[in-house]
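Read through the structure below, which is laid out as structure tokens, and then see the notes.
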Amino acid sequence: MRQNRCSGIANGTKEWQVRGVSNPFREDLVSRNLPEACTVVIFGATGDLTHRKLIPALYNQAADGELPAGVKIIGFARRNWTDEFFREGLEKLNREVSRTGHDEEVWASLASNIEYHQSEFQDDDGYRRLAERLDAIDQERGGKGNRLFYVASAPEYFDDILLHLKRAGLSDEREGCWSRVIVEKPFGTTLATAQHLNEVVNGTFEEKDTYRIDHYLGKETAQNIMVLRFANAIFEPMWNKQFIDHVQITCAEHLGMEGGRGGYYDQAGALRDMVQNHLLQLLSLVAMEPPTDLSADGVRDEKVKVIRSLRQWDTPELVAENVTRGQYTSGNINGKEVPGYCEEDRVDPESETEAFVAVRCMIDTWRWSGVPFYVRVGKRLPKKATEISIHFKETPSVLFNAAPGGVPDGNVLVIRIQPDEGISFRINSKLPGTTLRMEPVKMDFHYSSSFGKSSPEAYERLLLDAMAGDATLFARRDEVEEAWRFVDNIENAWHESDNPPLMAEFPAGSWGPKEADEMLKSEGRKWRRL
Amino acid sequence: MEEALMSGKISTEGLGMPVEIAAIDGELRKLWEADEASTNASLMNFLVYTEDPHELTANSKMIQKLTREHACRAVLIAMDRKAPKPSVAAWITAHCHLAHGKKSICSEQISFLLSGYSFGRFRNTVFAHLNSDLPLVFWWQGEISDLFEERLYSILDRFIFDSSTWSNPTEGFAKIMEAREQTNDHMVTQDLSWTRSYHYRLAIAGLFDDPAAERSFFEIEEVNIVAQKSQRTSALLLLAWVTEQAGWKTGLELGLTAETNPENGESFLFESKEGRNIVAKITWDDDGAPLSLLSIKSPDCEVKVSRQEGTSHLCQAICTAGHCLNVSGPADADDPEGLVADQLSRGGKNSLFLRMLPRFLKLL
Ligand SMILES: NC(=O)c1ccc[n+]([C@@H]2O[C@H](COP(=O)([O-])OP(=O)(O)OC[C@H]3O[C@@H](n4cnc5c(N)ncnc54)[C@H](OP(=O)(O)O)[C@@H]3O)[C@@H](O)[C@H]2O)c1
């Protein structure tokens with residue numbers, strides 16, 4: 001088992017390494033890579049993400065006994081806050097949102113290791129002071145320390161922060177101690193900007209020390225895709241074009257642009273905001289070949305091959321045929337009147353940004369040739385739900401076609417990502433009675449019914465993985481760039497061509513524009529009703 | 001037994017509706033048909049066995065709590081072996097909980113009170129009331145009796161017991177080892193006395209990642225454990241783990257013995273790979289937590305995990321000359337159902353326990 005914790009209370013010589021052994025007490029204790037003690041510096045620490053997700057994630061790790069001893073947290077932001085004020089605000093929110101509740105003792109222990117660092121992102125002096133502060137922390141504890149920089153700012157500051165970290169020498173590796181960076185989404189807005197950002201990131205940190213967050217990969221059910229496929233003998237033999245008719249991936253959101261979200265969203269749109277990252281990640285987990293091992297690169301090598309094999313929709317005609325974009329008009333959700341997209345707060349009334357997109361993805365590999373993967377995502381749909389459904393081919397219609405009502409549709413395996421995580425499988429069964437009548441029935445597994453314990457939040461898992469140096473659930477540079485290449489072609493057809501495909505409309509609270517239904521209907525299929 | 005039931009000497013509170021044995025399946029079905037709003041969930045057959053009939057209601061309360069996290073078909077069996085006449089009584093009920101504040105999720109429970117002697121009845125009662133295909137987890141409370149025999153243990157997937165409740169642990173473990181052998185190690189064995197020290201072990205492992213502790217490892221002179229006297233097997237299992245992982249030879253093998261005063265505790269000698277002597281002491285403190293201290297000392301460093309009675313936290317510390325690093329982490333559950341729940345959540349084959357069992361048996 002790997003061991004190289006260098007943050008400690010004494011000078012950082014690593015006795016285990018020197019003697020070529022590993023900590024014997026670790027042996028056989030837990031079967032995961034071990035998070036190592038470090039100082040976590042969060043850029044954008046007064047923000048929403050830090051308060052709602054990151055600190056509660058660290059708190060829950062501490063409550064579960066997973067956070068290594070000696071983790072320090074430094075919040076970096078602009079406001080003139082004291083350590084005390086910063087901690088009080090974090091505590092208040094942790095009480096509200098923490099998964100495991102709020103225990104005074106655990107909080108006190110964590111909070112004693114939280115500090116605030118006031119600085120502008122562009123201020124050299126702020127980083128110099130940060131470096132001094134980090135050195136002082138290490139000195140105080142007698143050794144050198146690992147450092148984890150979490151860039152949780154708006155994307156326009158990513159460059160600034162990374163370049164300043166480099167200039168202040170904070171990204172340098174020091175005598176066997178690591179410095180790693182976690183970068184929040186969005187990772188670029190086009191292929192060119194993502195490539196630029198990758199240049200900056202990799203000019204500052206090595207790729208092995210770079211962790212690009214895609215919080216969908218931290219979700220329990222997303223991780224379960226691999227287990228479902230590769231730990232059950234019944235699925236993998238059928239997981240191909242011979243048995244699967246098509247796959248649908250849906251990410252529906254009933255909310256619109258509340259809470260000022262319109263400002264960011266109207267710049268991005270559904271394709272960039274959700275498809276480029278989360279949905280293509282899910283698609284690659286469903287479609288990838290079995291990896292040779294479960295190492296970060298073993299898994300990511302296979303995922304990137306899927307994204308690279310996506311057929312490119314690179315002309316306006318191909319985009320019109322394979323992609324539907326739409327905006328919602330005013331409507332009614334849960335008995336409440338809601339405005340149309342262009343009337344939403346902070347959205348340009350003339351906006352050409354899609355709040356819904358449906359894409360037919362074709363993966364040109366031996367396994368998936370001819371099997372469409374339909375991906376759709378949208379705001380103001382009837383409910384919040386993310387799921388993947390695998391639609392199996394129908395049986396040859398020779399035996400039961402004379403039965404009243406015929407044979408119902410084929411088998412469907414559904415992996416529900418959120419909410420109500422679980423797996424269900426639709427099979428056809430005979431209705432009781434003297435005639436041969438068939439109806440589909442559902443075998444259903446709900447995580448929450450069977451496992452009363454709540455799963456760790458995605459950010460809990462991801463933070464621990466970054467501390468442990470395990471990048472399996474983070475996006476690699478080539479994955480990100482290949483996904484942008486696919487998305488850019490579609491964006492270009494929409495925004496750069498002379499004959500851009502139409503923007504469809506749908507009433508808020510419905511399941512998207514009828515053009516999206518047509519896309520499947522023309523092939524004799526339909527979207528799954530969620 | 002009827003008399004005991006009638007006179008209220010054996011409580012049946014919370015066991016639910018009395019049913020004829022032959023009607024159990026039908027009555028369970030009716031129970032679900034009558035309640036369309038609830039979901040019957042089950043991940044395993046969970047069998048709890050006791051030879052103390054008075055434990056039946058307490059076990060039902062435990063299942064009520066346990067099913068919050070572990071949906072199962074619970075089968076509670078209490079055996080009154082001293083009763084003169086053989087008889088059987090059964091009850092059914094369901095424990096329901098709101099999952100995440102929404103759906104009502106229920107686990108069904110069948111309770112049996114078996115009295116007197118009737119050949120094969122216990123085993124057959126178990127066989128007849130399992131959900132097929134789901135794993136069978138068997139929690140045996142108290143001493144392992146002669147009812148623990150091949151035809152029973154060959155169908156178990158997980159066997160849970162607490163060696164700290166046994167009057168003769170050597171004998172108890174011999175039965176368990178034999179069962180493992182007979183089942184080709186198929187049956188996973190879980191001792192709650194081992195589960196009791198899980199967070200101690202995790203904390204020690206974490207603390208020894210620190211460079212100060214790392215260096216001190218090669219100079220360790222003393223190991224101290226403080227525990228309640230009733231937790232002797234928990235303390236010895238923990239000591240077996242520390243010394244097995246560290247690769248120390250036991251003094252017993254080397255013909256070395258330490259002075260022991262059984263009233264206050266026990267002492268053992270070990271020898272490190274480098275030939276250093278290490279003294280390990282276990283001290284009894286019935287006023288403290290079940291396990292209240294594990295300290296590993298070298299001349300310049302003490303690595304210490306401790307717990308105060310009544311708290312749910314472990315204090316973890318590394319102290320070197322002039323400086324201490326202190327953190328707190330979660331402690332293990334005190335009550336058996338908490339330990340069982342943790343054990344079920346962790347799953348696994350418990351291979352570490354098996355690996356250090358031979359050493360533990362020597363220390364025993
Ligand atoms: N919120 C979420 O749930 C969520 C979910 C997924 C991804 N993300 C991503 O996470 C990132 C942050 O989101 P957020 O919601 O936390 O943003 P936010 O609430 O707007 O917070 C922005 C943070 O950046 C700081 N900041 C802005 N300009 C600065 C400057 N010039 N110098 C120093 N500090 C400056 C702010 O500090 P002051 O307050 O001191 O000005 C604040 O701490 C974004 O990339 C977002 O896409 C967020």
Side-chain angles (χ1 to χ4, degrees), chain A residues 1 3-19 21-31 34-37 62-71 100 103 105-106 108-110 112-113 140-144 419-420 444-454, chain B residues 39-43 66-71 97 99-100 102-103 105 198-199 201-218 241-242 244-247 300-301 311-314 316-320 323-331 341 345-346 348 351-352 355:
Chain A
M1 198 166 280
Q3 270 312 315
N4 70 340
R5 175 180 296 200
C6 71
S7 174
I9 64 166
N11 176 320
T13 333
K14 282 170 277 165
E15 199 68 27
W16 303 134
Q17 270 187 351
V18 171
R19 296 187 183 233
V21 290
S22 59
N23 176 351
F25 298 116
R26 283 283 185 204
E27 227 172 283
D28 284 350
L29 207 56
V30 271
S31 56
L34 293 164
E36 296 172 20
D64 286 349
E66 301 254 22
L67 195 68
V71 165
T100 58
D103 180 291
E105 200 160 329
V106 177
S109 169
L110 182 73
S112 66
N113 287 306
E140 198 182 286
R141 289 154 55 187
K144 291 204 171 71
D420 192 20
D444 211 348
F445 168 74
H446 294 252
Y447 265 77
S448 63
S449 308
S450 302
F451 304 111
K453 214 172 184 165
S454 57
Chain B
T39 303
N40 173 14
S42 184
L43 275 182
L66 210 88
T67 47
R68 276 179 207 285
E69 288 189 4
H70 301 281
H97 309 281
H100 305 290
K102 286 184 254 163
K103 218 170 9 175
I105 304 295
Y198 176 79
H199 282 291
R201 286 177 272 131
L202 216 55
I204 287 289
L207 292 172
F208 270 93
D209 284 344
D210 189 283
E214 277 184 26
R215 264 200 316 280
S216 80
F217 175 82
F218 298 94
W241 173 74
V242 171
E244 175 77 23
Q245 297 301 95
D300 300 325
C301 179
T311 62
S312 56
H313 298 97
L314 292 180
Q316 308 170 21
I318 304 174
C319 294
T320 51
H323 194 79
C324 277
L325 171 73
N326 288 297
V327 263
S328 68
S345 303
R346 284 178 210 132
S351 53
L352 179 58
R355 191 155 61 70

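As a basis for the values below, the full set of heavy atoms in this structure was taken, side chains included, without hydrogen atoms, waters or symmetry mates. Protein chains get the first letters and strands the later ones, always in sequence-line order, with residue 1 at the start of each.
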Open item on the list: Test your reading of the model: is there a side-chain donor-acceptor pair from B:Q316 to the backbone of A:A69, 3.5 Å cut-off?
Closed with: no

- [ ] Would you name the heavy atoms of B:Q245 and A:E27 that are closest together and state the gap between them?
- [x] NE2-O, 3.3 Å

Task: Close side-chain approach of A:E105 to B:T311, heavy-atom, < 4.5 Å - done: no

TODO: Over 60° means perpendicular and under 30° means parallel, so classify the ring planes of A:F25 and B:F217, tilted if in between.
DONE: perpendicular

Task: Contact winner vs chain A - B:I204, B:V242, B:L43, heavy-atom pairs under 4.5 Å - done: B:L43

Task: side-chain hydrogen bond (donor to acceptor under 3.5 Å, both in side chains) partners for B:R346, two or more places apart - done: none

Open item on the list: For A:N23, is there any backbone N or O sitting under 3.5 Å from a side-chain donor or acceptor partner on B:D209?
Closed with: no

Task: Atom of B:V327, atom of A:G70 and distance for their closest heavy-atom approach - done: CG1-N, 4.3 Å

TODO: Pick whichever of B:A341, B:S328, B:G329, B:A246 has the most heavy-atom pairs under 4.5 Å with chain A.
DONE: B:S328

Task: Which portion of B:S42 sits near chain A, non-hydrogen atoms under 4.5 angstrom - done: neither

Open item on the list: For A:D103, which atoms come within 4.5 Å of any heavy atom of chain B: side chain, backbone, both, or neither?
Closed with: side chain

TODO: Mind checking side-chain hydrogen bond (donor to acceptor under 3.5 Å, both in side chains) for A:S109 and listing every partner two or more places apart, or none if nothing turns up?
DONE: none

Open item on the list: Working to the nearest 0.5 angstrom, can you tell me the gap between A:R26 CZ and B:L202 CG?
Closed with: 7.0 Å

